[in-house]
Amino acid sequence: MKETGESKEQQLTVALRIRPLSDAEQEEGATIVAHRVDEQVVVLMDPMEDPDDILRANRSREKTYMFDVAFDFSASQEEVYRATTKGLIEGLISGYNATVFAYGPTGCGKTYTMLGTDKEPGIYVRTLNDLFRAIEETSDDMLYSVSMSYLEIYNEMIRDLLNPSSGFLDLREDAKGVIQVAGITEVSTINAQEIMELLMKGNKLRTQEPTAANKTSSRSHAVLQVAVKQQSRSRDVLQEVRFARLFMIDLAGSERAAQTQNRGQRLKEGAHINRSLLALGNCINALSDKAGNKYVNYRDSKLTRLLKDSLGGNSRTVMIAHISPASVAFEESRNTLTYADRAKSIRTRVKKNLINVSYHIAQYTSIISDLRSEIQRLKKKIADQAGHIYSITYYPFFCGCWLCL
Ligand SMILES: Nc1ncnc2c1ncn2[C@@H]1O[C@H](COP(=O)(O)OP(=O)(O)OP(=O)(O)O)[C@@H](O)[C@H]1O
C-alpha cells in the first residue's frame, strides 16, 4: 500500500447568519442592531451608546465585520447551503476531507441551519442528497461505499445518537493518527428520506432542556460523520482508492452560564459545554496566531480531539456563525462576531486521501469474482436497453423498463 497526494494550504471559510427577530425579543421591545450590509459585510450597533452624547460623539456606535459570506433573515436554507457547503461535495468524492460547523449562542439558529425542519431541511439532508446524486452520476465507472454515524458530546461524554443504548463511547487514534469513535453505529443507506428520519429521531435523543434563552435548547454538541470510499470499477493490478470524511457539527450554545440564569446541573453542564468550547476557542486562538508559534492543545476536550483534522490538519473547513439581530443579545453577538472574525485567519493543509493498492496473487481470485459480477451487471443493462429499443420499435408506448420510468 502506498500513500500519494500533494497537500495545499487552504483558509477556513467563515460565514455569518443573522436569524429573524423572535416573538419573545419583539415582546421584550428589542430593536434590530445587527444588519447585513452586503454579501460579505455585517454591521453591529451598540444599543447602549447614546447618539446625542456629545462627550462620545466621536466614538463610532457601530462596528463593521467582513466574512466570506453573510446572510440575514431573508436567506433561504437552500441559499445558505449553496454558499457554504455544496462546493465541498466534489472534493469529498475525490478524497478531500471536509467539515462544516455551526457556532453561536443558544437560540440563534444553529440547529435550524444544520438539521432544519421537515419543510425547510437544513445542510445535513441537502448535502447528503447532492452527495448521493453525485455518486449516482459517476457510478457507471466508480464503486462507492458510504457510511454515516451520528453522535453527541454531552458533559465530555460521547453517546451514539443512532443507538443510545450502547452507553458511552471512547475516542481512539488509529495507526495513522486518525481519530475514530470506537463501537459507533455506522449506517450505509443512500436513501435521503430514510436518513432525514434517522437524523430527526437521533436529534430527539439529543440532550435538550429549556433554558431562559431557548425552549428546546440543545445542551450537547452533535456530530454527523459521513465516510466515503471510492475506487474505479475497472479492477487493475494497481488500484487507486480514495477515501474522505465529512463532519457536520451542530455545536451547543456558546452563551455564558450566567446569562441563561442556569443553576445546579445546568451550571455544571455549562462548565462542560464551555470546556469543549473553551478548548475550541483556545485552538482557534493558537491556530490564528499570525506568528504561528502558539501551541495548539487539541487534547483538552473531546470536541477538539475529534476536530483536530478539521481545524489544523487535512480538511476543507467551513464555520457558520449565528447571531440574533436583537439589541438584547448585543453582548453575545459581539462576542460571536469577534470569535468568527478571528477564525478567518486559520489555515489548514488539504490533501487528497489516496492509497495505491497493488494486489497480491492471492487476491486475484476475488478480483476475478468482482469482474464476473461486473460483467453480469453490464450484460443485464445491455439486455434491458435492447428490450427497451425493441419495445419502442414494435410497441411505441411505455414498456415499463427503467428507461421508460
Ligand atoms: N433563519 C431562521 N429562520 C427562521 N427561524 C429560525 C431561523 N433561525 C432560527 N430560527 C428559529 O429560532 C429558534 C431557535 O433556533 P435553534 O433551535 O436552531 O437555535 P440553536 O442555536 O440551535 O439553539 P441551542 O444552542 O440552544 O440549541 C427555533 O424555533 C428556530 O426554528
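In this chain, residues are counted from 1 in sequence order. As a basis for the values below, the full set of heavy atoms in this structure was taken, side chains included, without hydrogen atoms, waters or symmetry mates. We count ligands from 1, going down the list as the structure has it; atoms in each ligand are counted the same way.
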Query raised in the report: Which of these, K204, R159, K302, sits in a salt bridge (charged side-chain N to carboxylate O under 4.0 Å, His left out) with E152?
Result: R159
Query raised in the report: Is it true that P105 lies under 4.0 Å from ligand 1, counting heavy atoms only?
Result: yes
Requested in this report: Compute the minimum heavy-atom distance from M114 to ligand 1 and say whether it is under 4.0 Å.
Outcome: no
Report task. Kindly say whether the aromatic ring centers of F101 and F247 come within a distance under 6.0 Å. Result -> no
Query raised in the report: Should the pair Y124 and Y150 be assigned to parallel (<30°), tilted (30 to 60°) or perpendicular (>60°) ring geometry?
Result: perpendicular
Requested in this report: Evaluate whether atom CZ of R172 has more than 12 neighbouring non-hydrogen atoms of other residues, nucleotides or ligands under 6.0 angstrom away.
Outcome: no
Query raised in the report: Which atoms of ligand 1 sit under 4.0 Å from any heavy atom of G253?
Result: 25 (O)
Query raised in the report: Is there at least one pair of N or O atoms, one from L251 and one from ligand 1, spaced under 3.5 Å apart?
Result: no
Query - Carboxylate-amine/guanidinium contact E25 R19, below 4.0 Å - result: yes
Query raised in the report: Is the closest heavy-atom distance from G107 to ligand 1 below 4.0 Å?
Result: yes
Query raised in the report: When you look for heavy atoms under 4.0 Å from ligand 1, do you find them on the side chain of R17, its backbone, both, or neither?
Result: side chain
Requested in this report: Answer yes or no: does an N/O atom from A252 fall short of 3.5 Å to an N/O atom of ligand 1?
Outcome: no
Report summary line: Numbered in order shown, the ligand 1 atoms found under 4.0 Å of a heavy atom of G109 are 8 (N), 9 (C), 15 (O), 16 (P), 18 (O), 19 (O), 20 (P), 21 (O)
Requested in this report: Consider every N or O of P20 and every N or O of ligand 1, then say whether any pair is closer than 3.5 Å.
Outcome: no
Report task. Give a yes or no on whether K229 atom NZ has more than 12 heavy-atom contacts from other residues, nucleotides or ligands under 6.0 Å away. Result -> no
Query raised in the report: Should the heavy atoms of other residues, nucleotides or ligands under 6.0 Å from CD of E374 be counted, would the total exceed 12?
Result: yes
Query raised in the report: Do K110 and ligand 1 have an N or O pair less than 3.5 Å apart?
Result: yes
Query raised in the report: Taking everything shown except K86 itself, do over 12 heavy atoms lie less than 6.0 Å from its NZ?
Result: yes
Requested in this report: Please determine if R19 has a nitrogen or oxygen closer than 3.5 Å to a nitrogen or oxygen of ligand 1.
Outcome: no
